[in-house]
Every structure is written in C-alpha cells, then in structure tokens.
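The next block holds one structure in the form of structure tokens; read it before the comments.
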Amino acid sequence: MAAPSLSAFSALPSLPALTDSLGRVIHDLRVSITDRCNYKCVYCRTGEVGAQYPELGIDEYLRLVGLFVDLGIRKVRITGGEPLLRRGVVELVRELARLRTPSGEPLDLALTTNGHLLESLAAPLKAAGLSRVTVSMDAVDAATFERITRVEGSFSAVLASIRAARAAGLTPLKINCVLLRGFNDDQIEGFARFAREEKVVVRFIEFMPLEEGRLWSPEIVVPLREIVERIGRALPLVELPSRDASETARRYTFADGVGEIGIIAPVSLAFCGACSRVRLTSDGKIRTCLFSQVEHDLYGRLRAGASAEELSAYIVRTVQGKEARHHIGEPGFLKPSRSMVHIGG
Ligand code: SAM
C-alpha cells in the first residue's frame, strides 16, 4: 500500500499538546480496526452478534492517526475486536511505523490481540515495525481457557503464538488476564509461575462493566489486594517503582528478581486522574473515555470534506471535554452504548 501524503499535516502550525480541561496531557491513542472477533469470551461477547459497526479503509485509519500524531500522540495501540482478522494489518503497521512525532521520534507502536492468528504474523509484524504486542490470555490450563473463549484448540494456538512473538523479538511480551470470580480466579498462582517460565509480563485486569451481556457485579471482580496477597503467599512479591505518572499497572517482581506481574485495577483503584488515553473506534468515532456516553464523529467530518486543520481543531476540542472519571460502582452508573469488543480494548 502506498503511503498517503502527509504533507497537508506537516503544514499545520505547531499546536499545543492535546490537553484536556483538567490538565491531563493525552499522548496515548487506541485504534480499533475491526469490531469482529473470532473468540466468544464469556465475559465479553454473548456470541450471538458479530460485527456491528462498519470498518474504515486502512488508508483512512492511517490518515486519522496521522492527525493525532501531529497533535502530540506518541503511543498508538492497534486493537479491536480482533485486529489480526483485519486484512492489511501488517501494511498498516508498516505505514504507522513511518510516522514521526512533532519532535521527530518514531511512535511507540503496540498491538493487542487474542493471539489466535499471531503465530505466523509475529515475524512479519515485527519486520513491519511493531514495537510490542500484548496477548490476552485468561487461563493457563487448556480446559479453563477454552471454556472462556468457547473455541476449541484456542489454548495451543495462543501458546504457540506467545512463543513465536517472543522469538520474533516483540518484547517485553505482555499477557493480559481478566479475572472473574468463579470462572478463572483459580489461575492466579499458575499465572505467576507462567510469567517466570515463559519470560512474559503477566498483567491481571479487573473486570469492568463493559460486557455485551449482564455478568458484571462488584462480587465478580477480583480486586488487586486479593491478587497480590494470593501470589505473595505462593511466591513472595516485591513492588517495582512506577515508570511514569500515567502507568496504569502496579508492577511487582519476585524476591529473586525473575519475572514480572502487573495489576491493572480500574475498579478498586481507579487511575482516571492520570489517564492519558483516547480511543478511535473502528468506524472512526473518538471516545474520550471507555465509559463515555457520547461519541465524536471524526470520520464523518473527514468524509464530509473537512480540511486537516478543521479535523485537528475538532480533535483538540473533543479532547478538552474528556470526562473526569468513570463512575463504576456509583449509584446511577450507566453502561456505555458500546461494549468493549465494539469500542476497542
Ligand atoms: N481481541 C483482542 C484481545 O483479545 O486482546 C483485542 C480486543 S479485547 C476487547 C482487549 C482486551 O479487553 C482483552 O484483554 C480483553 O480481555 C479485555 N476485556 C474485554 N472485556 C473486558 C471487560 N469487561 N473488563 C476488562 N477487560 C476486558
């Protein structure tokens, strides 16, 4: 695919960094390139409905991401749905890897995947310029894993992909695990051993009310404190210092320094005050929070012929209105109109 001309963007006057009305600097963009998925994880999809939103062309994602990068975004994560289902994903990575921040730096370019199709794509993605990959994996034993994904053979496919990604140099390799009480909370200690044996960073994520069905309740969330205590009883943990203010994970290593565990606790220890993220959905809408009740139609404006300057001004205005925080667990909390798979996790 030919690189689109970015000359229109470089002609923009230098704009201030994307900063919201609370002073949070936004430098992290998550881009969903499809809301289709080949897994039906019990806590995410009902399995009844597939894609709900149209996909843009790969060159259109590139054009929209280019606008954000010119405004100060320096980290781009490609997600979905399942992004590896999307034809053209390697070419998209190759073109994104050519973009430069206003200070001339390449992007920190990451991708989140369920790993089912990663084994053969790991080396091409690395060669195209992908910096890192995060693989979602919710159990370390095959039976539990396949009960969650509802896809036969998924465990061996994902394990092979993790090893292929490590061999391709897509490191540090992160494994995301969403814990649900009664589904996979018996996997915690096994994941600690897996992190050490497979030389991966395992990050436990608290379950958020973003599922298609109605599974979420405060009781099903396994809180950070419980995870730390349980792992610590099996293998003593040492907390690592945070690397920057917008880091979402609390990080731990083991007493011997081998292996790393992270815990992302949006429910029990919300980090909205340090949030540096916005999202672009697969149909080109900006979401300034996972729990936004409103979406901002960037692609609609592009299609209507808005100039690069107009689109950039729209992004800046939209980011200024970013929500202060999510309201999970508070009276009157409203789930967003899209679930996680259709927003882009
Ligand atoms: N298909 C890709 C994958 O599996 O990584 C990318 C999309 S998926 C929606 C991104 C991440 O969101 C996965 O790690 C998934 O486990 C997580 N996720 C999905 N629903 C969630 C929820 N309700 N709360 C917390 N994490 C969730």
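Keep in mind that this is a model prediction, so the values were computed, not measured. Numbering of ligands and ligand atoms starts at 1, following listing order.
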Could you tell me if the side chain of Phe254 sits less than 4.5 Å from the side chain of Val238, heavy atoms only? no

Q.
Please evaluate residues Leu280 and Ser32 with respect to the criterion side-chain contact (heavy atoms from CB on, under 4.5 Å), reporting the C-alpha separation (whole Å), side-chain torsions for both, the decisive distance (0.1 Å), and the verdict.
A. CA-CA 6 Å; Leu280 189 64; Ser32 171; over 6 Å; no

Notebook entry, point to check: Between Gln187 and Asp141, is there a donor-acceptor pair closer than 3.5 Å when you use the side chain of the first and the backbone of the second?
Noted result: yes

* Asked: With distance as the sole criterion, is a donor-acceptor pair present between the side chains of Thr134 and Arg77 under 3.5 Å?
  -> yes

Please tell me whether Glu105 and Ser103 have a donor and an acceptor in their side chains that are separated by less than 3.5 angstrom.
no

Ordered by chain then number, the protein residues lying under 4.0 Å from ligand 1 by heavy atom are Tyr43, Cys44, Thr79, Gly80, Gly81, Glu82, Thr112, Thr113, Asn114, Ser136, Asn176, Val178, Glu206, Phe207, Met208, Leu210, Met340, Gly345

Requested in this report: Could you check if a side-chain atom of Ile78 sits within less than 4.5 angstrom of a side-chain atom of Thr112, using non-hydrogen atoms only?
Outcome: no

